[in-house]
Amino acid sequence: MATYRSILIVDDDPIVRSLLRSYFASLFVKNIYDAADGSVAAEIVRDHLDALDLVITDLNMPGIDGVQFLRNLHDIGFRGDLVIASGESEAILKTAGSLAAGRDLQVRGCISKPLTKNNLDEIFLTDRPTAAPARIRQTIDAVVLAGIINEAGIVPYFQPKVDVRTRKIVGAEALVRGEDKSLGHLGAHQLIPAAREHGLMRDLTNVMITKVLKQQRAWNDRGIELNLALNIDPAQLREMDLPDRLADFAQDLALKPQSITVEVTEESFHSNFLDVMDVVARLRMKGFCTSCDDFGTGTSNMDTLESLPLTELKIDQSFVSKGLTHTFADAAVHAAVRLAKALDLQLVAEGVETTDELDYIAEQGVDIVQGFLFGPPMAAYEFESWYLSNHGYVPDLSIDTEERAAHRRQHFKQKRQPVNY
């Protein structure tokens, strides 16, 4: 649940403004501002830029409408949370959310009107990303980030990947995390933008590769053999020596390249595609697996994917979570399945959080799943403990989803001593 001190409500309907005022007052929000159009709202944002934690805005308003207001928020430099609440069609609402995210606004969610306590609670009383990451990110300057990278502050976390049919834990995706005495625990959404800004992505990538592969070697020695997936930044994917660097790391640790998957996003295909083809081809020639991550969020077509020697396709979690209720998301999942089968690719669904989503994905013919239904990203010692306690298979999914969620929360609240490798 996010904690807000100052918010702005933008809606031309006085009843909606009153409803939202009452709702946020019940959450003990100290300062609540409101405006009936985007022009007045923009002035309030300018006057209270450093204090505002949240803006919740309508789209269809007189004068400056909601879409124009989103553009103004970007120009003003608003860094708080944003929620879009509108009676417009689902397609327009989704487009507005994409526009806001594309303008670097911190979109907490989009709500279809009429507003109810339930749909408001779903947005504001759940653990969603807030504006805090963007503010923390600004404090990671080049010297601090270099120190985190050079002084063992980078810590890989691992999220399990599970075979749909056998429920066997077959692999894990490695996700970057950081630890700093002043800044505390840092996520990928903070580290990666800072590394890009300060030209430290190569250093960060090398540290992650080294730590992940050393962990894989340690697990292999303990009889835990898993395929580990590494996320590679689009800029790094265009570095011609990446296949050689990765192969050298693997050879030094006596690891089989086929036990390592390099994940690349569709974003990587948008520029210098010949360089991307070059690097991916050489990765495959050296025996590494290659995956198209976040499939469906970019503009890849059959020709693009067919020209790359990929071994895996990952369906983005946004389609997984909406596949049961949204026609477009369901169509996207079906298209991904057909494409994967046509290209003989392993198909992975990420972001699976409920048994209903698991059943839906399984029915489509997906091979591998990952998500909070099985476990969140874990530090290496947590992952190992979890894996061994379950004998290499996921826990019994017949337990009620809410009960499982409570079990997971309790499990990961426990403080365990890390294993020293």
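No side-chain heavy atom of Q236 sits under 4.5 Å from any side-chain heavy atom of V279. Put simply, the side chain of L310 does not reach to within 4.5 Å of the side chain of L343, judged on heavy atoms. Side chains of S291 and Q346 form no contact here, defined as non-hydrogen atoms less than 4.5 Å apart. Using a 4.5 Å heavy-atom threshold, the side chains of F69 and I84 count as separate. Between V352 and Y360 the shortest side-chain heavy-atom distance does not fall below 4.5 Å. In this structure the side chain of P156 reaches within 4.5 angstrom of the side chain of M208, judged on heavy atoms. Residues V320 and V333 have side chains not in contact (no heavy-atom distance under 4.5 Å, counting atoms from C-beta outward). Taking the side chain as every heavy atom from C-beta outward, R196 and P234 approach each other to under 4.5 Å.
Counting heavy-atom neighbours within 6.0 Å of K214 NZ, excluding the residue itself, gives a total of 12 or less. Within a 6.0 Å sphere centred on CG of D344, heavy atoms belonging to other residues, nucleotides or ligands number 12 at most. E179 CD: more than 12 foreign heavy atoms inside a 6.0 Å radius.
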- Message: What verdict does the side chain to side chain contact (heavy atoms under 4.5 Å, CB included) test give for E357 and S321, after you've listed the backbone C-alpha separation in whole Å, the side-chain angles of each residue and the deciding distance to 0.1 Å?
- Response: CA-CA 7 Å; E357 290 174 359; S321 62; 3.8 Å; yes
- Task: Give the intermediate values and the outcome of side chain to side chain contact (heavy atoms under 4.5 Å, CB included) for residues D58 and V10.
- Result: CA-CA 6 Å; D58 189 14; V10 190; over 6 Å; no
- Message: Before you tell me yes or no, could you show the steps for I368 and Q370 under side chain to side chain contact (heavy atoms under 4.5 Å, CB included), namely the whole-Å CA-CA distance, both residues' side-chain angles and the distance that decides it to 0.1 Å?
- Response: CA-CA 7 Å; I368 307 293; Q370 69 180 88; over 6 Å; no
- R167 and L358: CA distance, side-chain angles, deciding distance, side chain to side chain contact (heavy atoms under 4.5 Å, CB included) verdict: CA-CA 11 Å; R167 301 297 198 261; L358 176 61; 3.8 Å; yes
- Message: The test is salt bridge (charged side-chain N to carboxylate O under 4.0 Å, His left out); show your working for E173 and K314 and say whether it passes.
- Response: CA-CA 12 Å; E173 180 180 357; K314 292 189 76 174; 3.0 Å; yes
- Query: Are N118 and T116 close enough, and set up right, to give a side-chain hydrogen bond (donor to acceptor under 3.5 Å, both in side chains), and what steps lead you there?
  - Reply: CA-CA 5 Å; N118 286 341; T116 66; 5.2 Å; no
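Comment: D367 engages R165 in a salt bridge, judged by a side-chain N to carboxylate O separation of less than 4.0 angstrom. One finds a salt bridge joining D53 and R5 here, because a Lys/Arg side-chain nitrogen approaches an Asp/Glu carboxylate oxygen to under 4.0 Å. Of the charged side-chain nitrogens involved, none lies within less than 4.0 Å of a carboxylate oxygen, so that R217 and D252 do not count as a salt-bridged pair. Here K161 pairs with E312 in a salt bridge; the nearest charged N to carboxylate O distance falls below 4.0 Å. For the pair R282 and D244, the salt-bridge criterion is met [side-chain N within less than 4.0 Å of a carboxylate O]. By the 4.0 Å N-to-carboxylate-O rule, E90 lies too far from K322 to be salt-bridged with it.
Closest heavy-atom contact between A174 and N231: O-ND2, 3.4 Å. When all heavy atoms are compared, the tightest approach of L347 to A340 is CD1-CB, 3.8 Å. In terms of heavy-atom proximity, P377 sits nearest to Y157 at O-CD2, 3.6 Å. The two atoms that bring V366 and A349 nearest to each other are CG1-N, 3.7 Å, heavy atoms only. Closest of all the heavy-atom pairs between F374 and W386 is O-CZ2, 3.3 Å. Residues G187 and Q190 come closest through the heavy atom pair N-OE1, 2.8 Å.
By the 30° and 60° cut-offs, the orientation of the rings of Y4 relative to F124 is perpendicular.
Remark: of the listed residues N31, I32, L19, I32 is the sole one forming a side chain to side chain contact (heavy atoms under 4.5 Å, CB included) with F24. Each of L213, L228, L283, V212 was compared with I260 under the side chain to side chain contact (heavy atoms under 4.5 Å, CB included) criterion, and only L213 meets it.
With hydrogens and angles ignored, the 3.5 Å screen pairs a side-chain donor or acceptor of H334 with a backbone N or O of D330. Q106 places no side-chain N or O within donor-acceptor distance of the main-chain N or O of L82, the cut-off being under 3.5 Å.
Taking the six-membered ring wherever Trp is involved, the centroid distance between the rings of W219 and F383 falls below 6.0 Å.
There is no side-chain donor-acceptor pair under 3.5 Å between D356 and T354.
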